[in-house]
Amino acid sequence: MTTVSDGVPGPAVLGAPLVPTDDGPPDATATPPATAPRRRRRRLRLWLPLGVIAAYLVAGVIGPLIARYDPIATSVTDRLLPPGSRMSDGGLALLGTDQVGRDLLPQIMQGARISLLVGAATLLLAGTVGAAIGILCGYLGGVVDATVMRLADIQLAFPSILLAVFVAGVLGSSVTNVVLTLSITTWPIFARVARAQTMATRSRDFANAARTLGAGPWHVVRHCVLPAVASPLLVIATVQLGFVIVAEASLSFLSLGIPAGTPSWGTTIANGRDYLASAWWIATLPGLVLAVFVVCVGVLGDELRDRSDPNLSTR
């Protein structure tokens, strides 16, 4: 039994009111209600950490030019001033002073420059060497691949911070030695990623077509493998930046990294470890600055990974 409502036949249910139906076609361009908030969250996850990292870069580049820092200057009357205090010369110590009367804000700005420089140089060196080794092993295979990758596995099985402490103790304290030490402990990560991507790319149809047309190994690597390897390596470099800076701060905290006369976040934190009860800001504020930067780098790396991997559900 059927009834007619506004000229449209339809099934009738006894006791049920007749409700007009909307037979208009659905809008294919309409955005589901749950999609817009997710897109806003993803944009926030991308642009918020980018903005924080950009602020750190500006502070590291321009800050030391504005707020001068003298590592050997001391002021007995300005020792252990809390944040927001006035110094003897009339200046405002926004973040307080340390145990010898030096303003913490210029130290943190100068430390940002050193830490970011060490992180960028380490990733550039380790990424270049690791990517070259990984592409070579992944493309050639055989004994070279097996030997190099087993060495990389042995190094990855060993705690990286202990290896960094050992290498830094042998090489000594300097910015160059810190970059070399962290590069030695980081290159296997880039090598494994580059090798896996190279092995997946060398057997693809476009790579086989290039070899069929007479392209040599260097041409295939340059035009087929390198474009496929670049994106994963960029994501890995973004994720590893935070770990490298934490490792540099750890070495500096142990007096095995940046020399004492050169300010860095780790050195500044180490200076305040004996004053945690009386002057907490010396170690706490640089630690918070370091923690915020590492968290933002980690969030940015996760977002870039999600955007570059189509198999992840968050894409």
Side-chain angles (χ1 to χ4, degrees), residues 53 56 111-112 114-138 145-198 229 232-259 262 264-270 273 283 286-287 289-302 304-305:
I53 295 172
Y56 274 80
I114 298 299
S115 298
L116 294 176
L117 177 62
V118 170
T122 299
L123 293 180
L124 180 62
L125 180 59
T128 302
V129 174
I133 294 175
I135 292 174
L136 179 65
C137 294
D145 179 30
T147 303
V148 175
M149 287 300 105
R150 296 300 76 77
L151 293 175
D153 291 339
I154 294 173
Q155 182 173 332
L156 290 175
F158 195 78
S160 59
I161 187 61
L162 294 181
L163 180 61
V165 169
F166 173 76
V167 177
V170 173
L171 296 179
S173 299
S174 70
V175 177
T176 303
N177 290 342
V178 170
V179 173
L180 292 177
T181 298
L182 297 179
S183 299
I184 291 173
T185 61
T186 308
W187 74 267
I189 300 174
F190 292 92
R192 294 302 297 264
V193 173
R195 172 182 176 269
Q197 195 66 26
T198 301
V229 171
L233 288 182
L234 179 61
V235 175
I236 292 298
T238 305
V239 175
Q240 287 298 313
L241 178 60
F243 294 104
V244 168
I245 292 180
V246 170
E248 179 271 322
S250 302
L251 293 177
S252 299
F253 184 85
L254 298 174
S255 301
L256 295 173
I258 305 300
T262 304
S264 70
W265 289 336
T267 304
T268 306
I269 295 173
R273 59 187 169 186
V289 170
L290 175 61
V292 170
F293 181 81
V294 172
V295 169
C296 290
V297 170
V299 172
L300 178 61
D302 290 342
L304 293 178
R305 180 199 60 191

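These values consider heavy atoms only, across backbone and side chains, with no hydrogens, waters or symmetry-generated copies.
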- [ ] Answer yes or no: does atom CZ of Phe158 have more than 12 heavy-atom neighbours from other residues, nucleotides or ligands under 6.0 Å?
- [x]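 For Phe158, atom CZ is crowded (more than 12 foreign heavy atoms under 6.0 Å).
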Open item on the list: Can you confirm whether more than 12 heavy atoms, excluding those of Phe253, are under 6.0 Å from its CZ atom?
Closed with: yes
So which atom in [X] and which in [Y] form the shortest heavy-atom distance, rounded to 0.1 Å?
{"X": "Pro232", "Y": "Val229", "answer": "CD-O, 3.2 Å"}
{"X": "Val239", "Y": "Gly301", "answer": "CG2-CA, 3.8 Å"}
{"X": "Gly242", "Y": "Val294", "answer": "O-CG2, 3.9 Å"}
{"X": "Ala270", "Y": "Ser252", "answer": "CB-O, 4.5 Å"}
{"X": "Ala168", "Y": "Leu256", "answer": "CB-O, 3.5 Å"}
{"X": "Cys137", "Y": "Val148", "answer": "SG-CB, 3.7 Å"}

TODO: Apply side-chain contact (heavy atoms from CB on, under 4.5 Å) to the pair Tyr56 and Val292, showing each step before the final yes or no.
DONE: CA-CA 10 Å; Tyr56 274 80; Val292 170; 3.6 Å; yes
Would you mind reporting whether [Y] and [X] have side-chain heavy atoms less than 4.5 Å apart?
{"X": "Ser183", "Y": "Val129", "answer": "no"}
{"X": "Leu156", "Y": "Arg192", "answer": "yes"}
{"X": "Val297", "Y": "Phe293", "answer": "yes"}
{"X": "Thr181", "Y": "Val165", "answer": "no"}
{"X": "Ile258", "Y": "Val118", "answer": "yes"}

Ignoring hydrogens and geometry, is there a side-chain-to-backbone donor-acceptor pair from [X] to [Y] under 3.5 Å?
{"X": "Thr185", "Y": "Leu182", "value": "yes"}
{"X": "Gln155", "Y": "Ile184", "value": "yes"}
{"X": "Thr238", "Y": "Leu234", "value": "yes"}

Atom [atom1] in [X], atom [atom2] in [Y]: separation rounded to 0.5 Å?
{"X": "Gln240", "Y": "Thr186", "atom1": "CD", "atom2": "OG1", "value": "6.0 Å"}
{"X": "Arg195", "Y": "Thr198", "atom1": "CZ", "atom2": "OG1", "value": "9.5 Å"}
{"X": "Leu300", "Y": "Ile53", "atom1": "CG", "atom2": "CD1", "value": "5.0 Å"}
{"X": "Ile133", "Y": "Phe190", "atom1": "CD1", "atom2": "CZ", "value": "12.5 Å"}
{"X": "Thr122", "Y": "Leu241", "atom1": "OG1", "atom2": "CG", "value": "9.5 Å"}
{"X": "Ile135", "Y": "Gln197", "atom1": "CD1", "atom2": "CD", "value": "10.0 Å"}

